[in-house]
Amino acid sequence: MSTMTMAKAINAGLRAGLADNPKALLMGEDIGSLGGVYRITEGLKAEFGADRVVDTPLAESGIIGTAIGLALRGYRPVCEIQFDGFVFPGFNQITTQLAKMRSRSEGALSAPVVIRIPYGGGIGSIEHHSESPEALFAHTAGIRILTPSNPQDGYWMIQQAMSGQDPVIVFEPKRRYWLKGEVDTAAPAGDPFSAHVVRPGSDATIVAYGPLVPVALAAAEAAAEDGRSIEVIDLRSISPIDFDTVTDSVRRTGRLIVTHEAPTFGGIGGEIAARVSERAFLHLEAPVIRVGGFHMPYPVAAVEEHYLPDIDRLLDAVDTVFSY
């Protein structure tokens, strides 16, 4: 058991994945000697060599396209996209090639490419450096999507993504890279596609993932001072979604709030709200409330605090679901 930041935990997970499989390699912009913008790959080039920690040109379509070819030849490429908003030059390769490879070949081919994308705001940056595009990829069948909210998941999820047979996007919440927590490097890894109840409760459920799990936990703590017992679920996987855990919770609590940094319009929260309404309509005491970003380009850093969901907005949503 060690205490480390999420950044160090992901770095340790990548190191373990490279050590376990000689066919695994990392590729991305400035990930070698620099160790990446956030130093997630720091030290790995020196340890594994330039053939397995590869600095690429600034060409995301080329990065993904090359990774697909490598995967078809038996390699296990892990691509780093430097910032969330930089992924779109590679969007076509991901959604029309990578995601379709297994289906197109009727199962004869697999392309186990892992794509790491730092995402979300809260770092005082600008557009294309603070976005949350996860719903755009979740809409495309054939890609699995994970997002850790703590160092323990950061350590294990990247290794599980590297060992699977399907393409996986790992959205890493960049403002949580410096979040410290305990990491058990010896514990058997559980199913990365299952949601976790990280705070039990009986009066309402908050579903969050990635960067907003700590915010949801803080809101639940504040609501407890008013005598309200809030259950918090860390979704962990965006595709597939563990609807069973969410539905079971709502059947007990009768109220649901879903929160994410991405805009609520067309977001993951809408899919969760619809599924819960289909599965547990008679258990709902109030409409499902979504708390997310606004339907607008990501704002300048000076006002991003008004864009990002915070404790107050979640507590307002709690008051709303209890008003019915």
Side-chain angles (χ1 to χ4, degrees), residues 4-7 9-10 12-14 17 78 84 114-120 132-135 137-139 143-164 166-177 179-185 187-201 205-220 230-250 256-262 267-273 275-276 290-292 309 314:
M4 59 182 77
T5 64
M6 185 186 291
I10 296 171
L14 289 168
V78 180
D84 37 53
V114 177
I115 304 170
R116 296 180 41 248
I117 305 178
Y119 81 123
S132 300
E134 61 270 19
F137 295 95
H139 186 72
I143 306 172
R144 295 176 180 267
I145 302 175
L146 298 171
T147 179
S149 68
N150 57 76
Q152 174 78 1
D153 275 352
Y155 175 77
W156 283 110
M157 277 185 178
I158 192 63
Q159 294 179 71
Q160 292 166 316
M162 292 172 71
S163 64
D166 294 312
V168 181
I169 298 176
V170 182
F171 279 100
E172 300 169 3
K174 64 174 77 78
R175 67 163 154 155
R176 304 302 178 195
Y177 274 148
L179 176 70
K180 289 186 176 180
E182 289 190 342
V183 177
D184 189 346
T185 58
D191 179 7
F193 304 106
S194 64
H196 284 174
V197 176
V198 291
R199 180 187 174 104
T205 301
I206 297 179
V207 171
Y209 56 81
L212 286 189
V213 172
V215 179
L217 287 169
I230 308 298
E231 183 152 294
V232 178
I233 294 176
D234 181 353
L235 203 61
R236 303 177 72 239
S237 174
I238 297 172
S239 182
I241 291 175
D242 181 3
F243 290 112
D244 290 342
T245 295
V246 175
T247 304
D248 289 346
S249 176
V250 173
L256 175 62
I257 299 159
V258 187
T259 185
H260 47 63
E261 285 191 14
I268 300 299
E271 178 65 27
I272 295 172
R275 292 295 184 102
V276 168
R290 295 168 295 155
V291 180
L314 280 179

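Put simply, NZ on Lys180 and CE on Met6 are 14.0 Å apart, with the number rounded to the nearest 0.5 Å. Note that CD of Glu172 is 9.5 Å distant from CD1 of Ile117, once rounded to the nearest 0.5 Å. To the nearest 0.5 Å, the span separating CG on Asp248 from CG on Asp242 amounts to 8.5 Å. Note that the CZ atom of Phe193 and the CD1 atom of Ile145 stand 10.0 Å from one another [nearest 0.5 Å]. One finds the OG1 atom of Thr205 at 6.0 Å from the CG atom of Leu256 (value rounded to the nearest 0.5 Å). One distance of note links CG of Leu212 with CG of Leu235; it measures 12.0 Å at 0.5 Å rounding.
The side-chain contact (heavy atoms from CB on, under 4.5 Å) search around Asp184 returns Met1, Gln152, Ala186, Ala187, not counting sequence neighbours. By the side-chain contact (heavy atoms from CB on, under 4.5 Å) test, Thr185 is found to be paired with Tyr155, Val183, residues two or more places apart in sequence or in another chain being considered. Every residue meeting the ring-ring contact (aromatic ring centres under 6.0 Å, His included) condition with Tyr177, not counting sequence neighbours, appears here in chain and number order: Tyr38. Taking the side-chain contact (heavy atoms from CB on, under 4.5 Å) definition, one finds that Pro200 meets it with Glu231, sequence neighbours left out. The side-chain contact (heavy atoms from CB on, under 4.5 Å) search around Glu271 returns Phe243, Arg275, not counting sequence neighbours.
Counting only residues at least two apart or in different chains, salt bridge (charged side-chain N to carboxylate O under 4.0 Å, His left out) contacts with residues 144-159 comprise Arg144-Asp166, Asp153-Arg236.
Looking at every heavy atom in both residues, Gly269 comes nearest to Val258 through CA-CG1, 3.6 Å. Considering every non-hydrogen atom in both Pro309 and His260, the closest pair reads CG-O, 3.6 Å. When all heavy atoms of Ala138 and Ile268 are compared, the closest pair comes out as CB-CD1, 3.8 Å. For the residue pair Gly210 and Thr147, the shortest heavy atom distance occurs at CA-OG1, 3.6 Å. When all heavy atoms of Gly267 and Ala135 are compared, the closest pair comes out as CA-CB, 4.3 Å. Shortest non-hydrogen contact noted between Ile233 and Ser249 is CD1-CB, 3.6 Å.
Within the 4.5 Å cutoff, no side-chain heavy atoms of Arg176 are placed close to those of Val213. Side-chain contact between Phe171 and Phe137 is present, with at least one heavy-atom pair separated by less than 4.5 Å. In this structure, the side chains of Asp234 and Asn150 come closer than 4.5 Å at one or more pairs of heavy atoms. Side-chain contact between Thr245 and His196 is absent, with no heavy-atom pair separated by less than 4.5 Å. Between Leu314 and Val215 there is a side-chain heavy-atom pair separated by less than 4.5 Å. At least one side-chain heavy atom of Pro211 sits less than 4.5 Å from a side-chain heavy atom of Tyr119. With a 4.5 Å cut-off on side-chain heavy atoms, Arg199 and Ile206 do not count as touching.
A donor-acceptor contact shorter than 3.5 Å links the side chain of Gln160 to the backbone of Gly190.
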